[in-house]
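Below is one structure, written out as structure tokens, with a few remarks after it.
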Amino acid sequence: GGTGYLGTHMLVELVKQGYEPLCVDNLHNSNPSVLLAVKEICGKEIPFIKADAGDVAAMRALFAEYQIHFAGHKAVGESVAHPLMYYRNNYDSALTILEMCLKHGSALVFSSSATVYGVPHFLPLTEDHPLSAVNPYGRTKLYIEETIRDVALAHPEFNVSILRYFNPVGAHESGLIGENPNGIPNNLMPFVCQTAAGIRKELQVFGDDYDTPDGTGVRDYIHVTDLISGHIAALKKLETKPGCIIHNLGTGNGTSVLEMVHRFEAVNGVSVPYRIVARRPGDVASCYADPSKAFEELGWKAVKTLDDMVRDSWMWQLKGAKN
Ligand code: WQD
């Protein structure tokens, strides 16, 4: 998934850290032109191969020392409408990559998601919170995690990091790479950006009757560059051969929809018209991380503020986003 939202930010950081990444993507959800922006930021061409992570022959030909697996569909609503596409793309490709890891004795960093916690029994969420899934997207993440744990038990020599993302937002400070969803955005931040830019008429706020301070949904938004530095910390940890390790990548702070909207308006000096509508099926009221395990074991914590997130998201909308 190297030409995706997280993949492009990972390529920039890997080059900055002295790695020599190879970018592989099937271009199902992205465009190779983003690699021109990556080249402008990191000052060098990144080798690119068009291939599908589920294509065993292609993966055999490409396999490198490390795999960082960003190749996943991630729209909850789309996963409900097209579950087989999600199981084929997300789960099938993970099996291929796991087979390659065992064959080549390679380590893996897997992008999981806070969605595997289902409806929180307690907050903040720790890594030992019970796991469940409430939609096909979340089930693919949960099934891949369970498969990884089974493989790690059977193969103690296999080193793998499972990173549970909370809500990735923001963009590289250059404004040259960022989240570029096709069509109408599912996620809050791109929709807020497009509303502020006049591309969307108004933001629909999905419910204001939750048991939260202002009634709107609370999430743990994390700047994409903090998420990426968490991957670098995990890569370095894998060099110590820890087996299977699992960490939350969140800030530990909960922010409501309206808090996000008002912060976005205040920091960027723009207006985001919105209307309160019915709850979105499948949404939980609140979801935010206890990130202390990642700090203790990986020496990582998020450093970007909410103001950084809304500022960088808007900069990307103005400079780079093609909506
Ligand atoms: C955030 C809040 C909505 C849109 C999902 C996946 C998760 C991760 C991120 C990949 C909620 C509200 C949203 C809108 C709104 N996926 N909202 N109006 O659902 O927390 O997480 O995306 O990395 O695994 O589950 O993110 O941005 O869709 O919603 O009011 O138009 O914003 O109700 O409270 P979510 P989101």
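One is the number of the first residue; the rest follow in order along the sequence. None of these values were measured; they are calculated from a predicted model. Counting convention: from 1, in listed order, for ligands and their atoms alike.
Considering only residues two or more places apart in sequence or on other chains, H28 meets the ring-ring contact (aromatic ring centres under 6.0 Å, His included) condition with H73. Partners of H172 according to the ring-ring contact (aromatic ring centres under 6.0 Å, His included) rule, which considers only residues two or more places apart in sequence or in another chain, do not exist here. Applying the ring-ring contact (aromatic ring centres under 6.0 Å, His included) test to Y137 and every residue at least two apart in sequence or in another chain returns nothing.
Side-chain contact annotation: D307 with T305, donor-acceptor N/O pair under 3.5 Å absent.
Within a 6.0 Å sphere centred on NZ of K319, other residues, nucleotides and ligands contribute more than 12 heavy atoms.
Two rings, from H9 and Y5, have their centers less than 6.0 Å apart.
Closer than 4.0 angstrom to ligand 1 sit non-hydrogen atoms from K74, V76, S113, T115, Y137, N167, P168, N186, N187, L188, L203, Q204, V205, F206, G217, R219, Y221, V257, R280, D283.
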